[in-house]
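Just follow the structure's listing: the first ligand is 1, and inside any ligand the first atom is 1. Note that this is a predicted model, so its numbers are computed, not measured.
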Amino acid sequence: MRELEGRVAIVTGGSRGIGRAIAEELSRAGASVAVVARSADRAEAVASGLECRGAGFACDVADSEACRDLVAAVEESLGPVDILVNNAGITRDNILVRLKDEDWEAVLETNLRGAFNTTRVVARRMMKRREGRIINIASVVGLTGNPGQANYAASKAGLIGFTKSVAQELAARGVLANVVAPGFIETDMTAGLPEEARETLFGRIPLGRFGTPDDVAGAVRWLAGPAAAYVTGQVLVVDGGMVM
Ligand code: NAI
C-alpha cells in the first residue's frame, strides 16, 4: 500500500544508517523524500536511488539560517512539507568528569537544537495548512540515562520534552508530533562499541537480537501515515523489549 502517495517528507541525517532506511521506507510508501545530509553528494547518492521522487540537500541542522534555507529549497523543489523526520544525531561519549565543553555543545547543538531549528520553520507552514507530522528520533537512553553518555542522554531527553510541548501547541491545528526511541540498532554509530559492552547489551534484549535501521523505519512510516491519525505526543520505543 502506498499510503503516503503525494506527501512530501524531509529526513535529516538521511545519508546513512537509520536516516537512510527511513528515507527509503517513506519513499516505498509513496512519499517524495528530501534527503538531508551535511554533504550534498552523499545526500544526492541516497536520493537518486529512491523508489519515488526524491532530492538531496546539504544542510548542517545546527545552523538555524541553513535550516530556513533548506525548507524553502525543499518546498520549491518537491512542494509543501507534510512530514518532518528529525533524525540527524551524533555522540561524543565520555564519563561526566572528562566531558569537555565542546563535547557537550556539539551533541546538544546537533541533537536538540537541530530539531528545534527545522521544526520551528516547518511547523509554521504545517499550521497554516492545518496538517502535518513531526517525528523526532530520540533514544531509549533519553528515558533511562546511560553512564558515559550524559550529554547524549540529556539531548535525547530534551528532545522528548520538546516533542511533547510541540504536540500540545500544534494539536489544535492538526499537526501531530511524536518520538521514536530506538534501542541498540546496528549502524556506524554503534559499530565501534567494544565486544564486551555489546554482549552485556545483548543479554538485556528480550527479543534476542540487535535492531536494524529497517525496524526503526517501519515505526516512522506508521507514525507518518493515516493509521496514526489519533496519536500525538507519544514516545514509541523500538528496542526489542530492552526498556519496559
Ligand atoms: P549514523 O551516525 O549512522 O548517522 C547519523 C546521520 O546524521 C549521518 O547521516 C550524519 O551525517 C548525520 N548528521 C550528523 N550531524 C549532522 C548535522 N549537524 N546536520 C545534518 N546531518 C547530520 O547514526 P544512526 O545510528 O543512523 O543514528 C540516527 C539517529 O538515531 C540519531 O539521532 C541517533 O542518535 C539515533 N539513535 C541511534 C541508535 C543506534 O543504536 N544506532 C539508538 C538510538 C537512537
Inset, instruction - Report yes or no: does C59 have a heavy atom closer than 4.0 Å to ligand 1? - result: yes

Legend entry - Atom indices of ligand 1 within 4.0 angstrom of D60 heavy atoms, with elements: 17 (C), 18 (N), 19 (N)

Legend entry - Side chain S155, main chain N111, donor-acceptor under 3.5 Å: no

Inset, instruction - List every atom of ligand 1 that sits less than 4.0 Å from any heavy atom of I90, numbering the atoms from 1 in the order shown and giving each element. - result: 14 (C), 15 (N)

Legend entry - Residue and atom name of the nearest protein heavy atom (relative to atom 2 (O) of ligand 1), distance in Å to one decimal: R16 NH2, 2.6 Å

Legend entry - Per-atom contacts, ligand 1 versus T110 - under 4.0 Å to a heavy atom: 15 (N), 16 (C), 18 (N)

Inset, instruction - Ignoring angles and geometry beyond distance, decide whether A62 reaches within less than 3.5 Å of ligand 1 through its nitrogen or oxygen atoms. - result: no

Legend entry - Subset of ligand 1 atoms that lie under 4.0 Å from at least one heavy atom of I185: 39 (C), 40 (O), 41 (N)

Inset, instruction - Using distance alone, decide if ligand 1 has a nitrogen or oxygen within less than 3.5 Å of any nitrogen or oxygen in T190. - result: no

Inset, instruction - Can you pull out the closest protein heavy atom to atom 13 (N) of ligand 1? Residue, atom name and distance to 0.1 Å, please. - result: R38 NH2, 3.7 Å

Inset, instruction - Check ligand 1 against A138 and write out every atom of the ligand that is under 4.0 Å from a heavy-atom position of the residue. - result: 35 (C), 36 (N), 43 (C), 44 (C)

Legend entry - Connected via hydrophobic side-chain network under 4.5 Å: F162 and V121: yes

Legend entry - Ligand-residue contact atoms, ligand 1 with N87, heavy atoms, under 4.0 Å: 28 (C), 29 (C), 30 (O), 31 (C), 32 (O)

Inset, instruction - Could you list the atoms of ligand 1 found under 4.0 angstrom from a heavy atom of G183? - result: 38 (C), 40 (O), 42 (C), 43 (C)

Legend entry - Element-labelled atoms of ligand 1 that are located less than 4.0 Å from some non-hydrogen atom of G17: 26 (O)

Inset, instruction - Starting from atom 36 (N) of ligand 1, locate the nearest protein heavy atom and write down its residue, its atom name and how far away it is, to 0.1 Å. - result: Y152 OH, 3.5 Å

Inset, instruction - Check if R42 has a non-hydrogen atom at a distance under 4.0 Å from any atom of ligand 1. - result: no

Inset, instruction - Give a yes or no answer on whether the side chain of T91 reaches the backbone of D93 with a donor-acceptor pair at less than 3.5 Å. - result: no

Legend entry - Partner set under salt bridge (charged side-chain N to carboxylate O under 4.0 Å, His left out) for E24, not counting sequence neighbours: R20

Inset, instruction - Could you tell me whether G14 and ligand 1 have an N or O pair separated by under 3.5 Å? - result: no

